[in-house]
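Here the structure is a predicted model, which is why all the values come from computation and not from measurement. Just the heavy atoms: all of them, side chains too, but no hydrogens, waters or symmetry mates, feed the values below.
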Amino acid sequence: MNKYQDNELKFDYPIDWVVEKDTDTIAVFNPSKGLGALQFSIYTVPNPKDASMKGILADYTKGRHNHVEIFDKKSYVSSNYVDGEGGTCWKYFLCLKNTIATFATYNCDKKDIGIEDEIVDDIVKSAFE
């Protein structure tokens with residue numbers, strides 16, 4: 001496993017995956033298989049005591065998708081896969097620590113749902129737990 005770390009985010013990822021960082025997001029994906037991509041974005045939450053992770057994620061997905069189930073995990077929330085445009089499906093993750101909200105999205109073709117789930121879940125867990 002490789003390790004990624006910056007000021008606000010750290011996670012483990014497989015050796016055959018790469019990390020690309022730009023000004024707003026950090027993308028993690030396998031360039032040789034190219035099935036999907038996991039992206040992290042970091043935001044400041046002004047009043048974290050008043051914030052609900054489920055509420056934030058529900059607000060984000062509202063208007064983008066018809067039906068999104070949100071699940072409580074140990075220290076974060078996640079969604080089921082939801083349909084997007086052009087056969088792309090999305091899965092969302094959100095962790096709130098102090099005033100920092102880390103939002104992660106994973107997208108892949110509908111036919112590829114489940115193939116990278118274990119890897120993606122391991123990356124997200126290493127970032128959020």
Spell out, as yes or no, whether a donor-acceptor pair under 3.5 Å connects the side chain of [X] to the backbone of [Y].
X: D109; Y: K111; result: no
X: S126; Y: D12; result: yes
X: T61; Y: L57; result: yes
X: H65; Y: G84; result: no

Any chance you could measure [X], atom [atom1], to [Y], atom [atom2], to the nearest 0.5 Å?
X: K110; Y: T88; atom1: NZ; atom2: OG1; value: 11.0 Å
X: E116; Y: F29; atom1: CD; atom2: CZ; value: 11.0 Å
X: Y13; Y: I26; atom1: OH; atom2: CD1; value: 11.0 Å
X: T99; Y: Y43; atom1: OG1; atom2: OH; value: 15.0 Å
X: I100; Y: T102; atom1: CD1; atom2: OG1; value: 7.0 Å
X: T105; Y: W90; atom1: OG1; atom2: CH2; value: 5.0 Å

Any chance you could lay out the ring-ring contact (aromatic ring centres under 6.0 Å, His included) test for F103 and F40, step after step, and finish with the verdict? CA-CA 6 Å; F103 187 68; F40 291 96; 10.0 Å; no
If you draw a 6.0 Å radius around CD in E129, do more than 12 non-hydrogen atoms from other residues or ligands fall strictly inside?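 It does: E129 CD has more than 12 such atoms within range.
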May I ask you to check whether over 12 heavy atoms, not counting those of N66, lie within 6.0 Å of atom CG?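 Open.
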Mind checking side-chain hydrogen bond (donor to acceptor under 3.5 Å, both in side chains) for K21 and listing every partner two or more places apart, or none if nothing turns up?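 Expected list: D6.
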How close do [X] and [Y] get, heavy atom to heavy atom, and via which atoms?
X: D24; Y: S41; value: O-OG, 3.7 Å
X: M53; Y: L94; value: O-CD2, 3.4 Å
X: C108; Y: G36; value: CB-CA, 4.1 Å

Consider only side-chain N and O atoms of Y106 and Q39, and report whether a donor and an acceptor are under 3.5 Å apart.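 No, because no side-chain N or O of Y106 sits under 3.5 Å from a partner of the opposite role on Q39.
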Compile the donor-acceptor pairs under 3.5 Å between side chains in residues 70-80 and protein atoms, sequence neighbours left out, one pair per line.
{"unit_1": "D72", "atom_1": "OD2", "unit_2": "K54", "atom_2": "NZ", "d": "3.2"}
{"unit_1": "S75", "atom_1": "OG", "unit_2": "F128", "atom_2": "O", "d": "2.7"}
{"unit_1": "S79", "atom_1": "OG", "unit_2": "Y92", "atom_2": "N", "d": "2.9"}
{"unit_1": "N80", "atom_1": "OD1", "unit_2": "E69", "atom_2": "N", "d": "2.7"}

Go through the structure and list residues passing side-chain contact (heavy atoms from CB on, under 4.5 Å) with I115, not counting sequence neighbours.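 Expected list: L35, D112.
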For a 4.5 angstrom cut-off between non-hydrogen side-chain atoms, does [X] reach [Y]?
X: L38; Y: V124; value: yes
X: W17; Y: N2; value: no
X: D22; Y: T25; value: yes

I would like to know whether D117 and V120 meet side chain to side chain contact (heavy atoms under 4.5 Å, CB included); could you show each step before the answer? CA-CA 5 Å; D117 279 0; V120 169; 5.6 Å; no
Within one Ile-Leu-Val-Met-Phe-Trp-Tyr cluster: I42 and V45, side-chain cutoff 4.5 Å: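 Looking at the clustering, V45 is in a separate group from I42.
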Are Y81 and V68 co-members of a hydrophobic cluster defined by side-chain heavy atoms under 4.5 Å apart?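 No, V68 does not connect to Y81 through the hydrophobic network.
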